[in-house]
Amino acid sequence: MDKFMERAVELAIDNVREGGQPFGAVLVKGDNIVTEGVNELHKVHDVSGHAEMLAIRRAQEKFSTNDLSGYTMYASGEPCPMCLAAMYFAGIEKVFYCAAVEDAVEAGLATSKIIYEDLKKLKEERALSMIRMPLNEGQENPMKLWKERS
């Protein structure tokens with residue numbers, strides 16, 4: 001196992017010992033660890049407090065950028081859909097992970113698998129109801145405003 005994955009797994013183990021879930025992440029550029037994170041749900045009661053999300057937030061804050069192109073994420077567990085989407089948005093180019101979603105399910109952590117399965121369905125068949133509502137007549141359109149500004 002390479003040194004970055006070893007560190008991600010070490011973070012996950014320490015987090016479990018401290019009462020958290022078994023997730024650690026290390027964000028790397030070149031041959032250097034830029035930021036780290038562990039799942040902090042047990043500390044901050046924030047569903048977005050996942051290891052990968054925190055590593056991304058810390059790097060973006062550290063470098064005052066949203067663009068993490070050229071960075072690589074090492075995660076002790078396969079990223080959930082939220083973390084995966086954040087990596088796409090940030091431009092992270094490669095992700096290495098140790099435990100698969102199926103391993104998490106076996107350990108009693110099934111949420112990622114449930115969400116991944118739900119996302120395969122048509123919008124109207126998903127567990128989370130999504131209903132589109134049009135703008136009010138005469139209301140300014142933020143998308144149009146953005147397009148004009150760009």
Side-chain angles (χ1 to χ4, degrees), residues 4-5 7-9 11-12 15-16 18-30 33-150:
F4 301 126
M5 185 59 75
R7 179 64 182 150
V9 171
L11 289 166
N15 201 45
V16 170
E18 293 174 9
Q21 293 182 352
F23 301 107
V26 176
L27 188 61
V28 173
K29 184 153 189 185
I33 293 175
V34 177
T35 56
E36 300 177 338
V38 296
N39 185 298
E40 295 185 356
L41 295 174
H42 65 296
K43 293 180 181 177
V44 297
H45 307 289
D46 173 1
V47 295
S48 69
H50 289 200
E52 300 93 333
M53 295 292 288
L54 294 173
I56 290 167
R57 283 184 194 145
R58 289 172 182 148
Q60 289 177 328
E61 186 176 308
K62 182 176 183 178
F63 300 115
S64 298
T65 185
N66 293 324
D67 183 7
L68 298 178
S69 301
Y71 289 73
T72 301
M73 182 69 75
Y74 289 80
S76 63
E78 186 173 353
C80 75
M82 174 182 64
C83 293
L84 184 63
M87 289 183 233
Y88 273 105
F89 278 115
I92 292 172
E93 297 173 2
K94 193 178 286 186
V95 180
F96 292 96
Y97 64 91
C98 198
V101 168
E102 294 75 20
D103 298 320
V105 170
E106 192 173 302
L109 301 161
T111 306
S112 288
K113 182 169 176 52
I114 292 166
I115 295 170
Y116 272 122
E117 291 299 318
D118 207 43
L119 288 173
K120 292 177 186 176
K121 299 174 184 174
L122 298 173
K123 285 181 193 176
E124 51 277 351
E125 295 173 355
R126 293 181 188 156
L128 178 62
S129 179
M130 292 180 52
I131 303 156
R132 184 173 183 208
M133 296 179 70
L135 294 170
N136 291 329
E137 191 172 322
Q139 188 175 12
E140 190 170 19
N141 185 327
M143 293 297 175
K144 184 177 177 185
L145 181 63
W146 171 259
K147 185 177 179 182
E148 290 168 357
R149 198 184 88 182
S150 296

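In what follows, residues are counted from 1 in the order of the sequence shown.
Taking each heavy atom of Gly49 and Leu54 in turn, the nearest pair found is O-CD1, 3.9 Å. Minimum interatomic distance between Ala90 and Ile56 (heavy atoms only, all atoms of both residues): CB-CG2, 4.4 Å. Taking all atoms of both residues into account, the shortest heavy-atom contact from Val34 to Phe63 is CG1-CE1, 3.2 Å.
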- Message: Go through it in stages, so that I can follow the logic: the residues are Glu148 and Lys144, the test is side chain to side chain contact (heavy atoms under 4.5 Å, CB included), and I'd like the CA-CA distance, side-chain angles, deciding distance and then a yes or no.
- Response: CA-CA 6 Å; Glu148 290 168 357; Lys144 184 177 177 185; 3.2 Å; yes
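Every residue meeting the salt bridge (charged side-chain N to carboxylate O under 4.0 Å, His left out) condition with Glu40, not counting sequence neighbours, appears here in chain and number order: Arg58. Partners of Glu117 according to the side-chain hydrogen bond (donor to acceptor under 3.5 Å, both in side chains) rule, which considers only residues two or more places apart in sequence or in another chain, are Lys120. Residues satisfying the side-chain hydrogen bond (donor to acceptor under 3.5 Å, both in side chains) criterion with Ser69, sequence neighbours excluded, are Asp67. Residues satisfying the salt bridge (charged side-chain N to carboxylate O under 4.0 Å, His left out) test with Lys43, not counting sequence neighbours, are Glu18. Partners of Asp118 by salt bridge (charged side-chain N to carboxylate O under 4.0 Å, His left out), not counting sequence neighbours, listed by chain and number: Lys121.
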Donor-acceptor contacts, no H, no angles, side chain residues 71-88, under 3.5 Å, sequence neighbours left out:
residue, atom, partner, partner atom, Å
Ser76, OG, Pro22, O, 3.3
Ser76, OG, Gly24, N, 2.9
Ser76, OG, Gly24, O, 3.4
Glu78, OE1, Val101, N, 2.9

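Of the inter-residue distances, the one linking Ile115 atom CD1 with Leu128 atom CG reads 9.5 Å to the nearest 0.5 angstrom. In this structure, the separation between CZ on Arg126 and CD on Glu124 is 8.5 Å, given to the nearest 0.5 Å. Atom OG1 of residue Thr35 and atom CG of residue Leu27 lie 4.5 Å apart, to the nearest 0.5 angstrom. From Gln21, atom CD reaches atom NE2 of His42 across 9.0 Å, with rounding to the nearest 0.5 Å.
Remark: the backbone N or O of Ala51 is not paired with any side-chain donor or acceptor of Asn39 at under 3.5 angstrom. Not a single donor-acceptor pair under 3.5 Å links the side chain of Asn136 to the backbone N or O of Gln139. Side-chain N or O atoms of Glu36 include none that pairs as donor or acceptor with a backbone N or O of Val26 at under 3.5 Å.
Between Leu41 and His50 there is a side-chain heavy-atom pair separated by less than 4.5 Å. Between Ile33 and Phe4, the closest side-chain pair of non-hydrogen atoms falls below 4.5 Å.
Annotation: Glu106, atom CD; neighbour count of heavy atoms from other residues, nucleotides and ligands within 6.0 Å does not exceed 12. Within a 6.0 Å radius of CD in Glu140, other residues, nucleotides and ligands contribute 12 heavy atoms or fewer. The 12-atom threshold is exceeded at OH of Tyr116, counting heavy atoms of other residues, nucleotides or ligands nearer than 6.0 Å. Around atom CD of Glu61, no more than 12 heavy atoms belonging to other residues, nucleotides or ligands sit under 6.0 Å away.
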